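All values reported here derive from a predicted model rather than from experimental measurement. Only this structure's heavy atoms are used, side chains among them; waters, hydrogens and symmetry mates stay out.
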Amino acid sequence: MQRAGKGKTPRRPKKPSNIEKDPVGVYCRIRPLSGEDEECCVEMISSSTIQLHAPDGLKANRNGEYKEMQYSFKKVFGIKTTQTELFEDVAKPLIEDLIHCKNGLLFTYGVTGSGKTYTMTGSPGEGGLLPRSLDMLFNSIGPFQAKRYVFKPDDKNGIEIQNQVDALLERQKRDSQASVPKTPSSRQKADPEFADMINPDEACKSESVDEDCCYSVFVSYIEIYNNYVYDLLEDAPFDPIRPKWLDGNTPVRNKDFIPPQSKILREDQNHNMYVAGCTELEVKSKEEAFEVFWKGQKKRRIANTQLNRESSRSHSVFTVKLAQAPLDADGDYILQDKSQVNVSQLCLVDLAGSERTNRTRAEGSRLREAGNINQSLMTLRTCMEVLRENQMFGTNRMVPYRDSKVTHLFKNYFDGEGKVRMIVCVNPKAEDYEETLLVMRFAEMTQEVEVARPVDRPIYGLVPGRRQRNQAFKDELSRRLEERGGPVNGEDPVLLNQLIESLPPLPPCELSDPSDDQTLPRMIEVLERRHRIRQMITEQFNQTANAMKSMLQQFDSQIHSKETVLFDQRSKLGEKDKVIINQKTEIERLEKKSKTLEYKIDILQKTTEMYEQDKRSLQQELESREQRLQKELAERRRMEQRMQGMVTDTKMKWEKECERRVNAKQLEMQNKLWVKDEKLKQLKAIVTENGGPGSGPTEPPVKPDRPSRERDRHVAQKRSASPTPLSGNVFKTRGGGQAVQFTDIETLKQECPTAPSRKRRSGSGEGPTDFNENRVCLFSLKFLYILLHNHIFHNTCTIFSFIFPIIYNFFPFRLQWQTQVLLKAIRSKQNKAQILRLCCLSKS
C-alpha cells in the first residue's frame, strides 16, 4: 500500500460505497476455575458456542425456571488452550498484515480478574500475545533491518528517511554522549522474567517478507488512566506512580521532580489520531523490545482489590510501528524517496476490567478509578451500538468517539481500514455471572460491526531480487580476489612496487672467495645506503603520520566542539520547542476559554433577547389592557347616559301612568258613588214598598245557583269602563333580578257562593255577584301582567303559585279553566313570552 506525503501514517482515501468490509473478529477465552469446588456458570458447547447457566441462588424468572443463554463467536478457546494455539489463530494473521503494510488492532475485554493481562503478556514459559508477536516480527525481518537512525520519526505521526552520513552522526552522538538516555541495546542482558518467555521450538516467522525492502521497528507504550493519557516510556527522576516513602510513611519531597504531564490526542495530515509528544523508540531485536516493554510495565498503575490481587487500574496500549522502504535499482542503498515509505502499525490493547463497587468495596481513589474505567467501557459500548445501527439501518448518527480517550484514539480503525479483533476473557465462576452476561451481550453486538477491508500495497515498478543479486555480486568478487592471491582488503601492490623501485639497486656481484675484500664492502655499502634511505622514508612516514594524526586530532576536536555547539543548540532548540509547546497549550487554553466566554455571551444575549421579548409582550399586553379599560370606561359612560335616558323615559311614563290611574280612580269613585246612590234609591223604594199599603207577603230568598259554563257562554260578563291600575315601584335585587313594591292597596272580599247573603240583595240577584267575581279575576290578571311586564319573572311565578288557590273560587268556570292552563305553563317553566300571551288571553 502506497503512502502519500512524507511517510505519514496512511489514511484511507474516500472510497465508493460498495467497498468490501469484514466484521470485527470476536474470540472467547475461558479461564480455568481457581478451585475445583467452585460453581461454574459457563459451558463450552462447541468450538464456536458457549452456554451460560444461571447459578444457584439467583432470582428465577416469572415461571420459576432459569433461562439458559447461548452465544456464538468466531472461535472459542477452552480452559486447556495454550498460548501458542491462541497466538496462531488470533495474532499471527495480524503480524502477517503488519509486514504487508496493513494496520491492525487487538484488544482484550472482560470483567476484572478474567485473565486479560495474562492473555496479552503471559508469564515465564508461557509468553502471551505481545511477546510472541514481537518474536515473530523480528524473526521475519531480522536480516533485512536498516541501520539505526536511517528511519526517524518526525513527531507528527510520520517517518522520515535520513542519508547514511546523518544516520552515522546520530549513532556516534548516541555512543559518545553518556549523559543522554540511550535506547536499550540488544547486547545488554535481557530482563530475567522475559528470558524464558518463549520456547525456541515455538518460534515462528513469516515466509512472505519482501527481501528488497529495508525495515525498522518503533515501539511506544502509553496508558489511559482516569481518561488521561500518560507516556510510560518517558524518563522521570523516580517512579511517579509508586513514589518513595520514608520510614514515617511520609513521601519524599523533591523540588526538582516534575510529575508526568498527560498527553493530548492530535490528528495528523491524513486524519489519523495519535498521541502528541509520545516517546517512540527504535528497537532492533525482540530482547530490546521486551526490555522497553518491561520498562513501561513497571510504571503501569496496578492495585490490589477484593476481586483481583493485581488489578489493572488503567487501559494500556502497546503500539508496534513498522516502517519500510524499497532498495534502489542496484540493491545496495535505500531509495531516498519519502513518498515510497510505508508505515503500518499494530496496537495491542489491554483494557482494564469492568467491576462493581459493591463487590470490590472500593473507596477514595479506587472508587474514582473504577468509575472512570466503567465510563470508558460504556462509551466503547455506545460507539459500537451507534456503528451497528448506522450500518444496519442506513442512519447517519454521530458516533461519540470524543466522549472517551480510548474510543477517540482508535476511531480511525473503525472509520478507516484495517483488521480489528477482540478477545473476550471469561471467568466462569458463579459470582461473575451478571457481569459476564453483560460482556456477552456486548460481544454479540460487536460481531455485527463491519470494518473496511485493507487493500494490498501497489508494486513499485522495480525489478525484484535486487538484494540477492547485489549480495551474489559481492560474494563473487571476494572469491575471485582470493583465487588470484591478491589481498582482498590489504595494501595495493602497485604502491609496493613503486616503493621498492625508489631504493638504490643492488650491484651485480659474485662471491667466489671468502676473503674477497672488494665485493663484500661494496655490498655492505649498498645495503647501508638502502638502510639509510629506508630510515629516511620511515622518518618521513612517521612525520607524515604524526602530522596526519595531529590533523585528525584537530579535526576531531573541531568536530567535538561543533557537536558540543550543535548539542547546545539542540538543547536550546528543545527548550524553545518546549516553550512553543507551552505557548501553544496556553493559546489553546485561551482559545477554549474565549470559546467558553463567547458561548456564555451568546447565552446572555439570547437571555437578554428573551427578556426584551417578554418586556415587549408585557408592554403590548399592558397597552391592550389599557385600551380595553378605556373602552370599558367609555362603554360605562354610554351605559350611564343610556340608563339616565331610560330613567327619564320611565319617569315620564310613570308620571303619565299615575295621571291615568288617578283619573281612573276618580272615575271609579264616581261609579261607586253612583252605585251607592242607586242602592240608596233601591233601598228607599224597598222601604217605601214594605211600609206602604197593599204589600204582600215576602218571598223566601232564592238560593243562588252555581255558575255554569252554559250560562257563562250566553251571559256576557260585565266589565268596568276602564281597568283599575295599581301603582308600584320596581327596583333591583342583590341576585340580579327585579322586584315590585306596590303603593296602592285594593281590598278584596271573598264570599261563599252557597251561603245565604247577610245583606239583602237588590235587583235581580246575579248582577253584583258576577261584577265582583269579574273584578277579582281582572285584578289577579292585572297583577300578574304588571309583574311580567316589569321583567320580574321568577318572583311572578312564585307569587302566582301562592295566591292561585285563594282566588281560584272567585273565578267563573271559563276563567278557572284558562287560569289552570296559565298555572301549568308557569310551573313547567315556559318562557315569558308564552306566559304573557296566555295572560292577555285570560284578560280578554
Among I222, N372, L377, the one residue meeting side chain to side chain contact (heavy atoms under 4.5 Å, CB included) with H315: L377

With D337 via side chain to side chain donor-acceptor pair (under 3.5 Å) - residues at least two apart: S339

Distance-only polar pair, side chains of N103 and S344, donor-acceptor under 3.5 Å: no

Any side-chain donor near an acceptor of the partner, D135 and N139, under 3.5 Å: yes

Steps toward side chain to side chain contact (heavy atoms under 4.5 Å, CB included) verdict (T319, S220): CA-CA 5 Å; T319 304; S220 62; 3.5 Å; yes

Close side-chain approach of I334 to D328, heavy-atom, < 4.5 Å: no

More than 12 heavy atoms from other groups under 6.0 Å of CG on D155: no

Flag, side chain of Q345 to backbone of V219, donor-acceptor distance under 3.5 Å: no

Atom CZ of R402 with >12 non-hydrogen neighbours under 6.0 angstrom: no

I264 to E588 - nearest heavy-atom pair and separation: CD1-OE1, 4.4 Å

Within 6.0 Å of OH in Y118, more than 12 heavy atoms from elsewhere: yes

Side chain proximity check, L106 to L129, heavy atoms < 4.5 angstrom: yes

Side-chain touch E234/Q261, heavy atoms, less than 4.5 angstrom: no

Partner residues of E280 under the side chain to side chain donor-acceptor pair (under 3.5 Å) criterion, sequence neighbours left out: K321

Spatial distance of atom OG (S571) from atom CG (L566) [nearest 0.5 Å]: 9.5 Å

Any donor-acceptor N/O pair, K405 side chain to N226 backbone, under 3.5 Å: no

Check: A91 main-chain N/O paired with R421 side-chain donor or acceptor under 3.5 Å: no

Residue pair T279 / Y221, side-chain heavy-atom distance below 4.5 Å: no

Trace of the side chain to side chain contact (heavy atoms under 4.5 Å, CB included) decision for V320 with L137: CA-CA 10 Å; V320 181; L137 178 62; 3.7 Å; yes

Any side-chain heavy-atom pair of F318 and C347 under 4.5 Å: no

More than 12 heavy atoms from other groups under 6.0 Å of CZ on R171: yes

Backbone of M273 reached by a side-chain donor or acceptor of R266 within 3.5 Å: no

Distance-only donor-acceptor check, side chains S316 and E223, under 3.5 Å: no

Given C204, P131, P124, the one that forms side chain to side chain contact (heavy atoms under 4.5 Å, CB included) with I198: P131

Closest heavy-atom pair and its distance - K156, D268: O-CB, 3.8 Å

Rounded distance (nearest 0.5 Å) linking atom NZ of K284 with atom CD1 of I141: 8.0 Å

Y401 side chain near F414 side chain, heavy-atom distance below 4.5 Å: yes

From CA spacing to verdict: side chain to side chain contact (heavy atoms under 4.5 Å, CB included), N412, H271: CA-CA 8 Å; N412 51 291; H271 306 289; over 6 Å; no

Side-chain heavy atoms of V343 within contact of L322, under 4.5 Å: no

Where D154 and I159 come nearest, the two heavy atoms and their spacing: OD1-N, 4.2 Å

Salt-bridge contact E288-R148 (side-chain N to carboxylate O under 4.0 Å): yes

Pairwise side-chain contact, P326 with R466, heavy-atom cut-off 4.5 Å (strictly under): yes

Separation of D403 CG from C383 SG (nearest 0.5 Å): 7.0 Å

Short side-chain to backbone donor-acceptor contact, H100 and S208, under 3.5 Å: yes

Parallel, tilted or perpendicular: ring planes of Y225 versus Y230, cut at 30 and 60 degrees: tilted

Heavy-atom closest contact (Q336 atom, I161 atom, distance): OE1-CG2, 3.5 Å

Rounded distance [0.5 Å steps], CD in Q471 versus CD in E211: 11.0 Å

Considering all heavy atoms, the nearest L233-K295 contact: O-NZ, 3.9 Å

Criterion side chain to side chain contact (heavy atoms under 4.5 Å, CB included) on K263 and Y228, from CA distance to verdict: CA-CA 7 Å; K263 307 298 179 180; Y228 290 97; over 6 Å; no

Residues R570, E170: salt bridge by 4.0 Å N-O rule: yes

Criterion side chain to side chain donor-acceptor pair (under 3.5 Å) on S404 and Q375, from CA distance to verdict: CA-CA 8 Å; S404 174; Q375 181 64 32; over 6 Å; no

Which atom of Y149 lies closest to which atom of Q162, heavy atoms considered: O-NE2, 2.7 Å

Cation-aromatic face contact K92/F87, 6.0 Å, 45 degrees: no

Nearest-0.5 Å distance that lies between atom NZ in K205 and atom CD1 in I95: 15.0 Å

Straight-line distance of Q583 CD to K576 NZ, nearest 0.5 Å: 9.0 Å

